[in-house]
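Heads up, the thing below is written out as structure tokens.
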Amino acid sequence: MKFDKEIRNYIYGELVPPISGNYIDNYNPALGTVYSQIPDSDEKDVHRAVKAASRALPAWSRCGVNKRFRILTRIADIIEQNLDEFAKAEAIDTGKPFSVAKAIDITRAHSNIRFFATSILHFASESHHMESEAINYTLRRPIGVVGCISPWNLPLYLFTWKIAPALATGNCVVAKPSEMTPMTAYLLSKACIEAGLPPGVLNIVHGLGHKAGQAIVEHVGTKAISFTGGTETGKKIALTAATSFKKLSLELGGKNPNIIFGDCDFEKMMETTVKSSFNNQGQICLCGSRIFVERHLYEVFKTEFVERVRKLKIGDPFNAKTKQGAVVSKAHMDKVLSYVELAKSEGGTVLNGGEPARLRGKFKEGYFLKPTIIEGLPYDCRTNQEEIFGPVVTIMPFDTEEEVLLYANSTSFGLSATVWTENISRAQRMADQLDAGIVWINTWMTRDLRTPFGGMKNSGLGREGGLEALRFFTEPKNVCIKF
Ligand code: TXE
């Protein structure tokens, strides 16, 4: 499955150019060069997509769960059969190591589709028996045409995480991937055509957020919006959707604490903490970017952590030994570097990294950053309060549970948290008091797709995953029958 230099929108089952005929450059972050063009779609393309979805809705919403299961499973099979092609496209588009794109991004993408294709077969609703008076049963019907908008960090992984439950529950979708990483969504269009997905059930419109994305949110025909991206963008979407009472699912930013007590399993903690700090170049909303270490372990931790991070191989995404690829864009690299300068101005000391990685040859112009560790900052400075979303972590010691809870809960975010301790009572106490939608104890990124996924405070609105997603994409109707 080859990907084309000039990609197209996927509307009513066909790959079509933008109505305006305008295109946007798409960069290869590892080379710093333009390698493809994406449609610069606008409200006209979005209207065409919503009309296509509306046309497909009656048949798709009534075709029954078994047909939806079969077609979605075929799409998952095609992705899996083309795993390397999809992973190659993802690695080129994002700059991440091919090994990560293959093992994480694309594997999870087809797993997302399979998970919801099967879960719809077991999606029971409820009934309530009023003794001798009446019986109630709850119908759950698809909402209708829904909008799905996703970011650039885990492109196909997060795109399918929204689209799969929406389609499985009988909705039709107008979806927009990030303009920075559109390629695997384009390949997904081709997989849908090959799988025989009926025209209009899924429509993919490429383009800029404030233009094509905004048009999806504004369109009177989209009845719900599922969004993952930055908190500031989430606010804009909520403001736009408020006037039309659209159902909203917002998965936003994070500034997640990684709390390490002295009694932890040191080797397991260390091996995982390198990953939770720098996997995907730190561009995962769940990364543990603030590391708090119980004081008596702090110096031992710091020495070992810096030593291991220094050894992470940075470079060619297609070299199997590479652990750190490029960050997604020049603008993002500059944003991350600006936070390193801010950290220094706030009194921080850079223990590793803090600068671009200067590579030679064809990667000379790539957006590569050295994984960065900073210590000596107060818990409430901007560097420790704002989402950086790059290969940058701060470390600091703490003495008591009360103190580290104050630090951990001090930000406006509340997405995830990690706690390392062998003391189960302490683990429970911390989990109960941490402001987070997801708390990992002695692990990180262990994911059961049935669990509620999402955050509190400025990390989002609502939850994805399992029943939460199936219920988000359906309207419950209570029917009460008098005996
Ligand atoms: O997100 P945006 P970006 C954070 C991270 C990052 C920041 C911005 O801090 O630096 O967000 O990243 C579309 N109406 N996260 O630029 O702008 C846009 O086209 C409708 C955390 O990727 O939020 C893209 O498809 N849509 C996050 C998607 O929204 C709009 C992962 C995300 O873009 C829009 C990524 C609008 N007005 C970034 N404006 C996580 N939680 O994982 C933009 N878009």
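Note that the structure is a prediction, hence the values are computed from the model and not measured. We number each residue from 1, following the sequence as shown.
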**Partners meeting side-chain contact (heavy atoms from CB on, under 4.5 Å) with Leu83 (sequence neighbours left out)** = Lys102, Ile106, Thr107, His110
**Prompt:** Who pairs with Asp432 by side-chain hydrogen bond (donor to acceptor under 3.5 Å, both in side chains), at least two apart in sequence or on another chain?
**Reply:** none
**Request:** Could you go through the salt bridge (Lys or Arg N to Asp or Glu O under 4.0 Å) check for Lys190 and Asp4 one step at a time?
**Result:** CA-CA 11 Å; Lys190 295 187 169 185; Asp4 308 318; 3.1 Å; yes
**Request:** Show your reasoning for whether side chain to side chain donor-acceptor pair (under 3.5 Å) applies to Ser276 and Thr273.
**Result:** CA-CA 5 Å; Ser276 63; Thr273 294; 4.5 Å; no
**Message:** Can you confirm whether Lys88 sits close enough to Asp84 that some side-chain heavy atom of one is under 4.5 Å from a side-chain heavy atom of the other?
**Reply:** no
**Prompt:** Counting N and O atoms only, with roles assigned by atom type, does the side chain of Asn256 sit under 3.5 Å from a partner on the main chain of Ser289, one being a donor and the other an acceptor?
**Reply:** no
**Request:** Measure from the side-chain N and O atoms of Asn28 to the backbone N and O of Leu31, and report whether any donor-acceptor pair falls under 3.5 Å.
**Result:** yes
**Request:** Scan residues 212-223 for pairs that pass side chain to side chain donor-acceptor pair (under 3.5 Å), counting only residues two or more places apart or in two chains.
**Result:** His47-His219, Gln214-Glu218, Gln214-Thr240, Thr222-Lys246
**Asked** Partners of Ala331 by side-chain contact (heavy atoms from CB on, under 4.5 Å), sequence neighbours excluded?
**Response** Ser329
**Item:** For Lys235, side-chain hydrogen bond (donor to acceptor under 3.5 Å, both in side chains) partners two or more places apart
**Value:** Glu232
**Pair Arg114 + Glu80: basic N to acidic O under 4.0 Å** = yes
**Request:** Say whether, by atom type as modelled, one donor and one acceptor occur between the side chain of Asn319 and the main chain of Lys321 under 3.5 angstrom.
**Result:** yes
**Request:** Hey, could you give me the OG1/CG distance between Thr418 and Asn258, rounded to the nearest 0.5 Å?
**Result:** 5.0 Å
With a cut-off of 3.5 Å and sequence neighbours excluded, list every side-chain donor-acceptor pair involving residues 148-156.
| unit_1 | atom_1 | unit_2 | atom_2 | d |
| --- | --- | --- | --- | --- |
| Asn153 | ND2 | Gln283 | O | 3.1 |

Tabulate below the donor-acceptor pairs under 3.5 Å that side-chain atoms of residues 468-477 make, not counting sequence neighbours, or state none.
| unit_1 | atom_1 | unit_2 | atom_2 | d |
| --- | --- | --- | --- | --- |
| Thr474 | OG1 | Leu470 | O | 2.8 |
| Thr474 | OG1 | Arg471 | O | 3.4 |

Can I get a per-line list of side-chain donor-acceptor pairs under 3.5 Å for residues 136-145, giving both atom names and the distance, sequence neighbours left out?
| unit_1 | atom_1 | unit_2 | atom_2 | d |
| --- | --- | --- | --- | --- |
| Asn136 | OD1 | Asn478 | ND2 | 3.2 |
| Asn136 | ND2 | His128 | O | 3.0 |
| Arg140 | NH2 | Glu126 | OE2 | 3.2 |

**Complete:** Applying side-chain contact (heavy atoms from CB on, under 4.5 Å) to Leu252 and not counting sequence neighbours gives Phe227, Thr231, Leu250
**Prompt:** Does Gln281 use its side chain to pair, donor to acceptor, with the backbone of Gly325 at less than 3.5 Å?
**Reply:** yes
**side-chain contact (heavy atoms from CB on, under 4.5 Å) between Ile38 and Tyr23, worked out** = CA-CA 5 Å; Ile38 84 164; Tyr23 286 83; 5.7 Å; no
**Asked** Counting heavy atoms not belonging to Phe245, are there more than 12 under 6.0 Å from its CZ?
**Response** no
**Request:** Check side-chain contact (heavy atoms from CB on, under 4.5 Å) between Glu14 and all other residues, then give those that pass, not counting sequence neighbours.
**Result:** Val16
**Request:** May I ask you to test the Leu202-Tyr10 pair for a side-chain heavy-atom distance under 4.5 Å?
**Result:** yes
**Message:** One pair to check against side chain to side chain donor-acceptor pair (under 3.5 Å): Gln37 and Asp25. What are the steps and the verdict?
**Reply:** CA-CA 5 Å; Gln37 303 276 310; Asp25 287 343; 2.7 Å; yes
**Prompt:** After noting the C-alpha distance and the side-chain angles of Trp440 and Leu286, does the key distance pass the side-chain contact (heavy atoms from CB on, under 4.5 Å) rule?
**Reply:** CA-CA 11 Å; Trp440 280 297; Leu286 300 164; 3.9 Å; yes
**Sequence neighbours excluded - side chain to side chain donor-acceptor pair (under 3.5 Å) pairs with any residue from residues 170-185** = Glu90-Thr184, Thr169-Asn171, Lys176-Glu179
**Prompt:** Does NZ or CZ of Arg463 lie under 6.0 Å from the centre of the six-membered ring of Phe453, at an angle within 45° of the ring axis?
**Reply:** no
**Asked** So, Asp334 and Lys330, do they make that salt bridge, N to O below 4.0 Å?
**Response** yes
**Item:** Contacts of type side-chain hydrogen bond (donor to acceptor under 3.5 Å, both in side chains), residue Lys362, not counting sequence neighbours
**Value:** none
